[in-house]
Amino acid sequence: MDETVAEFVKRTILKIPVAEMMTILQAWGFYLKINCRRTSTSGERKESLVHDLVLLCEEKRARVSDAALLDIIYTQFHRHQKVWDVFQMTKEPGGDIDLFDMKQFKSSFKKILQRALKMAQLYPAKEAPQSDSASSHMGNSARLWVILSRGPFACNMSRVINFLVSVTFRDAEENAVWIRIAWGTQYRKPNQYKPTYVVYYPQTPYAFISSSQLRSSIPLLGQALTIASKHHRIVKMDFRSRYLDSLKAIVFEQYNQTFETHNATTPLQERSLGLDINMDSRIIHENRIEKDRVQKITEEVFGDYPQPRLEFAQYKLETKFKSDLNRGILAERNEPLRCLVKFSSPNLLEALKSLAPAGIADAPLSPLLTCIPKKRMNYFKIKDK
Amino acid sequence: MSPQKRVKNSQTPKRTSRHSNSYQSNLLAWKLKENLSNSKSISKHGQNSTVEDSEHADADELARDALQIAMRYFDKGPFNTPWNKDKTLEKHLKTVENVAWKNGLAPEGIDILLNVALSGKFGSAVNSQILRCMIPATLISEDSVVKAVSWLCAGKCCGSTKILFYRWLVAMFDFIDRKEKINLLYGFFFASLQDDALCPYVCHFLYLLTKKENVKPFRVRKLLDLQVKMGMQPYLHALLSLYKFFVPTLISISLPIKKKIYFKNSENLWKTALVAVRQRNQGLSPEPLKLMLGPANVRPGKRKWNSHSLIPVLSSSSHSKEYGKEGMSLSDYLCSNTPFPVEQLKSFLQLLQNIHCLELPSQMGAVLNNSLLLHYINCVRDESVLLRLYHWLNQTLQEECIWYKVNNYECGKEFTSFLDTIIKAECFLQEGFYSCEAFLYKSLPLWDGFCCRTQFLQLVSWIPFTSFSEVKPFIFDCLAQLFFTSTIYFKCSVLENLKELLQNWLLWLSMDIHMKNVMDNSLETTLSGSMKSVFELIHYVGWLSTNALRLESNSTFLLHFVLDFYEKVCDIYINYNLPLVVLFPPGIFYLALLSVDSSILNQLCYIMHRYRNNLTAAKKNELVLKIKSEFIFSSKTYQEYNHYLTAMVGCLWTSKPFQKGSYFDPEVFKKIGVAKYKTSLNLVHHPALLSYAISFLLKEWTEERTVNLSSIRGKKWNGYLDYLFSEGLQGLKHFIQSSICHSSVP
Amino acid sequence: MAVLRPQDQLPGLNTATILLVGTEDALLQQLADSMLKEDCASDLKVHLAQSLPLPSNVTRPRIDLIVFVVNLHSKYSLQNVEESLRHVDAAFFLGKVGFLATGAGRDSHCSVHRNTVLRLAQAYRSPLLFCDLEVDSFRVSMAQRLVRMLQVCAGHVPGVSALNLLSLMGSSENPSAEGL
C-alpha cells in the first residue's frame with residue numbers, strides 16, 4: 001500500500017471520535033472483519049487501534065478510493081462541520097424529459113470533470129470569456145466546455161487524467177448521492193486533505209456543495225454537474241448554512257420534521273414564551289390579547305413546526321440617507337451609505353421566531369427577516385430603488 | 001506509529017554502531033544518564049507490557065541514541081563538509097525536534113543549539129527551525145543566554161533570526177535559571193531598541209528584565225525620543241509605564257492606564273511546550289514560599305502573565321543570589337547593595353535588616369498576602385509603591401467583580417475570598433485603599449445588597465477619610481436606597497459597618513491631629529473641615545436610623561445597633577480627643593426611653609452618662625483654654641442635652657414626665673384612660689423595669705400576698721435601686737450616680 | 001381608562017398589587033415568580049404588561065406600585081417604557097412608580113447608557129434600581145426589595161407612606177438637620 005494512502009487512512013481515522021468509531025467503521029464496511037475481531041475499543045488507546053487498522057489496510061491493499069469512501073462517511077456524520085452552498089440548476093424550456101440513470105450520471109460526471117479540469121489547466125482562466133456575475137460565468141463556461149469537448153483537444157487526454165482529480169461517490173439516504181472531489185494539478189497528485197463535497201439529489205434541480213478555498217474549481221464542478229444531470233444552467237444561490245438537512249428542508253419545502261441539533265442549546269421556546277409557564281393565579285397578564293395576536297402572527301409567518309437551522313443572515317445595505325427633519329452631514333452626502341448587517345445565532349430562524357413573543361421586537365417582523373425560507377436565501381443586497 | 005517513523009528508526013541504529021566507538025564525550029554521558037532515568041520510569045509505568053509496549057521502549061532507546069548523534073553533529077559537527085550533507089542535517093534536525101517537543105532539551109543541549117543557531121553556520125531557515133524547537137526540559141542556564149547574546153553582537157545572523165531569538169527569550173524568560181548576568185547586559189538590549197523590527201520584542205523582553213536600578217534618566221530620554229519617532233506604540237508605552245512605576249519622578253508625561261494588551265503574544269510558538277515545561281518544573285521544584293495570611297488559591301486557565309491565581313505568588317523581578325543556600329551571612333547582605341528578594345523574607349528581623357535594600361515583587365498584588373511586606377509598605381514613604389499596588393487592585397477588582405461577568409457566577413467564591421484578603425490587609429494596615437473606594441463608587445449602584453454582603457459593607461467601613469458631602473452622592477445615597485428597601489438584618493449590618501467607619505475615621509483623625517505637620521498642606525485637613533465631615537456622617541446615620549426604626553416598626557433589635565453606634569458617638573471628645581459632641585436625634589432618644597426592653601433603657605442611660613462626661617470635660621477645657629470652637633459646641637448642644645436629661649429624670653426619677661418641651665395636656669392622658677400618668681414612667685412603673693420591680697417585691701417580701709408597686713418608695717426605693725444595679729443595669733447605675741442628686745429621692 | 005390613576009379604586013382587603021411593565025415577558029414572569037415566593041403578610045398580586053395603556057374592559061384591583069423594567073441591552077425596551085409612561089397619572093409619581101434597569105453588568109452589551117435611564121428616573125422623580133434579572137440570586141434579592149416597597153406603597157407598613165419612602169429613596173435630597 002502506498003505510504004500516502006496509509007497516512008490518509010490514519011489521519012481520517014484519527015479524526016473520528018472514539019464513540020462513533022464502530023458505527024463509522026461498520027458503515028465503511030471495508031474492514032468489517034477487523035471490527036468483529038476487536039470487540040472492545042473503548043478501553044484501548046485510540047492510537048493503537050489506528051495503528052492496527054492501518055496495518056490491516058496495508059494487508060488488504062487499500063486504495064485511495066477506499067480511504068476516500070471512509071472520508072465521505074465521516075463527513076456524512078459530521079456534515080455540520082462544513083459550510084454548504086446551495087446551487088440551483090435549470091433546464092431550457094422545451095427540453096425533453098430524461099430518465100435519470102445513476103450509473104450514467106456518475107460516469108459522465110467524472111469524465112466531464114476530469115476533462116474540464118484538464119482543459120482549464122491547459123488554457124488558464126484568461127482565455128475563458130469574462131462575465132460580470134458568477135452565475136452567468138458558470139453558464140458561459142458550461143457552454144464553453146460544450147464547444148471545447150467537440151474540438152480537436154478532446155482526444156488523447158486519458159493518460160494524464162487520473163492525476164488531476166479523484167472523484168468518489170457514495171449513495172446516501174433519499175436517493176442522494178454524495179460526491180467527493182479531491183483536486184490535483186498536472187504536476188501533483190490530488191490533495192486528499194482539501195476535498196470538495198457535493199450532495200446531489202437526482203431528478204431535482206438542487207445540489208449542495210461544501211465551501212472550499214479552491215474557488216476556481218467551483219465553475220468546473222458546476223459544469224460537470226449541469227451536464228451530467230442534463231441541465232443547462234447552474235446558479236449559486238445566496239443561501240448557505242452548516243446544516244445541510246435544514247438547507248435541504250427549506251429548498252424542498254419539507255418542514256414538518258425535527259432538525260439536527262449538533263451543539264444543542266436550551267430550546268428558545270421554553271424560555272421565552274411565558275404564557276404556558278404561568279400557573280400562579282396571582283400573576284395576571286394584562287396584554288393577553290396582544291400576546292395572543294403576536295403568537296398568531298408569529299405562527300402564520302413561521303408555522304408551528306420547529307424551524308430549520310441556519311446560523312446567519314447577512315444584509316448588505318446601500319442606501320441614501322433620507323430625512324426631512326434634520327439635514328445634517330448625512331443628508332448632504334452624495335455617496336450612498338454602505339453597511340453590512342449580520343444576524344447570527346445558533347438557530348437563527350428559531351431566534352427570529354421568538355423575537356416578537358419574547359417582547360424584543362414588534363410583531364410582525366420585517367419581511368426582510370421573515371422571507372429567508374421563502375426566498376431561499378440568507379445573503380441579501382439591498383439598494384435604493 | 002506511522003510507517004515513516006519506523007523506517008527512520010530502523011536506520012538510526014546503524015549510525016550508532018558506526019560512530020559510538022570512536023566518540024565519548026561528556027555530552028554523551030549526561031544524555032545517557034538522563035535517558036536512563038527516563039526509560040526506567042517508562043518501563044515502570046507499563047508493567048504488563050505487551051509486545052507493542054516493548055516496541056515503544058525500543059523506539060525510545062533508538063530515539064535517544066539518535067539525539068546523541070544529532071547533538072554531536074551540531075556540537076562539533078561536520079560543518080566543514082559542504083552542503084551535500086543536506087539530508088543528514090535534515091534528519092538530525094528532525095530527531096532534535098521530536099525529542100524537544102516530547103521531553104524538552106537539557107541545558108547543555110540548548111547551549112549547543114543556541115550556539116549553532118546564532119552563529120550563522122546554517123541558513124536562516126535552519127536557524128529558525130532550531131530556535132523553534134529549543135524547549136527546555138527544565139531550565140535554561142544563564143550562561144547560554146549570555147553566550148547567545150554575544151553572537152548577536154557578532155552580527156552573523158539575520159534580522160528574522162534575531163526576532164525569533166528575542167521572542168524565544170520572552171517566552172522562556174521564566175525558565176532561565178538566573179538573571180543577574182543578563183541584567184548586566186541591559187545596556188546592550190536597550191541599544192537594540194534602535195532597530196525598528198526588533199523594537200517590539202526587545203521592549204517586551206526589557207519589560208520583563210527591568211529592575212529599579214536600570215531606570216536611568218538617559219534611558220527615559222531615549223524612550224521618549226523613540227516614542228516621538230514611532231508614535232505611541234503599545235510596547236513602548238508598556239515599558240515607559242513600567243519605568244514610571246519604578247521612578248515616577250523621571251517621567252512627567254501622563255500615560256493612559258486603560259490599555260491592557262501591550263504586547264503581541266510572543267509565546268504563541270511555544271505555547272503547548274511551555275505548559276508542559278511548567279508542569280515538569282512544578283513536579284521538580286519545591287513549592288514557592290508559603291504565604292502568611294493564607295494560601296493563594298490556584299486557578300488554572302486564567303490568562304495572567306506569571307501566575308494562575310487572583311493574587312500572584314511573590315516573586316521579585318530578579319532572582320538574586322540564593323541567600324540560604326550559599327551560606328551568606330546577614331552582614332554580607334548589609335554591606336552589599338544587592339537587592340534582597342522578597343521571596344526570602346521570612347521574619348520581622350529580616351525585614352528590619354534588609355529594609356534599605358528590599359526589592360518589591362514584580363506584581364504588587366502579592367504583598368496583600370504577606371504581612372511583612374504590608375509592614376514595609378506601611379512605613380516606606382514611597383508613593384510609587386502604593387501607586388503600583390493601587391493600580392493592580394484597580395485592575396483586578398474591575399476584572400474579577402462578579403456582576404460584571406454575568407455568565408461566570410462560579411467565580412463568586414474566589415471573588416469573595418479575594419475581597420476578604422483585601423479587607424484583611426486593610427485591617428492590618430489600619431488604612432483603606434483608594435482603589436477600593438473607587439471600586440465602590442462604580443459598583444455600589446449595581447450591588448444587589450446580597451452577594452458578598454459582609455465584604456462589601458466592610459469595604460465601606462474602610463473608606464479612607466474624606467469630605468463626607470463629596471462621597472455622599474456616590475456611596476451613601478446608593479447605600480440609603482438599598483438600606484430602606486432591604487431587610488432588617490441588612491439594616492443592622494449597615495449600621496454596624498457605619499460604626500466601624502466612624503471609628504476608623506476617628507482613629508485616623510486623632511492620629512492626624514498629633515502628626516499635624518505631615519498633612520497641613522492638603523485642603524481637606526483643617527480641623528473644622530474634618531469635624532464637619534464626621535458630623536455629617538453621624539448626622540447621616542442618625543437620619544438612617546430614625547427612618548429605619550419607623551420602617552421596621554421600632555424594632556428593639558435594630559435599636560440595639562443604633563444605640564451601639566451612639567455609644568461610639570458619645571465618647572468622641574474623651575476617647576479620641578476630638579472637639580466634637582453630637583447628640584442623637586429625638587426620634588431615637590424617645591424611642592429608647594420608652595422602650596419595653598430593659599437593656600435598651602440601660603444602654604440609653606449609659607450613653608447619657610457618657611455624654612455628660614464628655615460635655616463637662618469639654619466645658620472644663622473651654623474654661624481653661626479660653627478657646628471656644630465655634631461650630632462644634634454651640635450652646636444648642638448643651639441645651640439639647642439638658643432637655644433630654646430633664647425628660648429622662650422627669651420620667652424615671654421625679655415622676656414629672658414631659659413638663660417641658662414636649663408637653664402633653666393632662667387632659668389627653670385622662671381621655672385615654674391613663675390616670676396615673678405621672679408615675680407610670682418612673683423606675684418602678686416603667687414598662688421596661690416593671691418586671692424587675694415585681695421580682696424585687698416578691699424576693700424581698702415573700703410573705704405578702706398582693707404586690708403593691710407603689711410601696712416602693714423611701715428606703716425601699718434605695719433598696720430597689722441596689723437591686724436593679726445588682727441585676728446588671730450598670731448603665732442605669734452610672735446615670736443615676738452622675739446625673740441625679742441623691743437628696744431628691746421621691 | 002386610558003390613563004392609570006392610583007386612587008380610582010378602593011384598596012382590596014390586605015392585598016398589595018404591583019404592575020410590572022416591560023417588553024421582555026420572560027424576565028417579568030421570572031421576577032413575578034420570585035416575588036410571590038417571598039414570605040409576605042399581604043396578599044400579593046402581580047400584573048404583567050408589555051406596555052401601557054392597559055386594556056380597559058377588565059376589572060382589576062387597585063394598583064399600588066408600577067415598576068417599569070428597562071433592559072439596557074435593548075433600545076426598544078426603553079422606547080416602550082417611555083411611551084408607556086405617558087399613560088400614567090401624575091399622582092402615581094408620588095412614590096408609586098419605580099424604574100428597574102436590567103443588564104448593567106455586561107457593559108459591552110449595553111445599547112442604552114446607564115445615565116439615560118438615570119435621567120429618565122430623575123425626570124419622573126422616581127427611584128431607579130439596578131439588577132441583572134437574568135441571574136437568579138440577583139433576581140431573588142430584587143424581588144425581596146420590591147415586595148418591601150410594595151408593602152409600603154400599599155399602606156401595609158404603619159407609619160410610612162409611599163411618598164415618605166420616595167423622599168427617603170430620593171438621592172438628590174439631603175436630609176436636613178431640621179427634618180429629624
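Computed from a predicted structure; not experimentally measured. In what follows, chains are A, B, ... by sequence order, proteins preceding strands, each numbered from 1.
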How far apart are the closest heavy atoms of C:Pro55 and A:Asn287, and which atoms are they? CD-ND2, 4.1 Å
When every non-hydrogen atom of A:Gly359 is compared with those of C:Thr23, the smallest separation belongs to O-CB, 2.9 Å
In terms of heavy-atom pairs under 4.5 Å with chain A, the winner among C:His47, C:His73, C:Met35 is C:His47
Neighbour count >12 (heavy atoms, 6.0 Å) for atom NZ, A:Lys15: yes
CZ of A:Arg282 to OG1 of C:Thr17: how many Å apart, nearest 0.5 Å? 12.0 Å
Spacing of CD1 belonging to A:Ile283 relative to CD belonging to C:Gln29, to within rounding of 0.5 Å: 5.0 Å
Around atom CZ of A:Arg293, are there more than 12 heavy atoms from other residues, nucleotides or ligands closer than 6.0 Å? yes
Point-to-point distance, once rounded to the nearest 0.5 Å, from CD of A:Glu286 to CG of C:Leu19: 6.5 Å
Taking atom CG of C:Leu13 as the centre, report whether more than 12 heavy atoms of other residues, nucleotides or ligands fall under 6.0 Å from it. no
Hey, is CG on A:Leu368 packed in by over 12 heavy atoms from elsewhere, all under 6.0 Å? yes
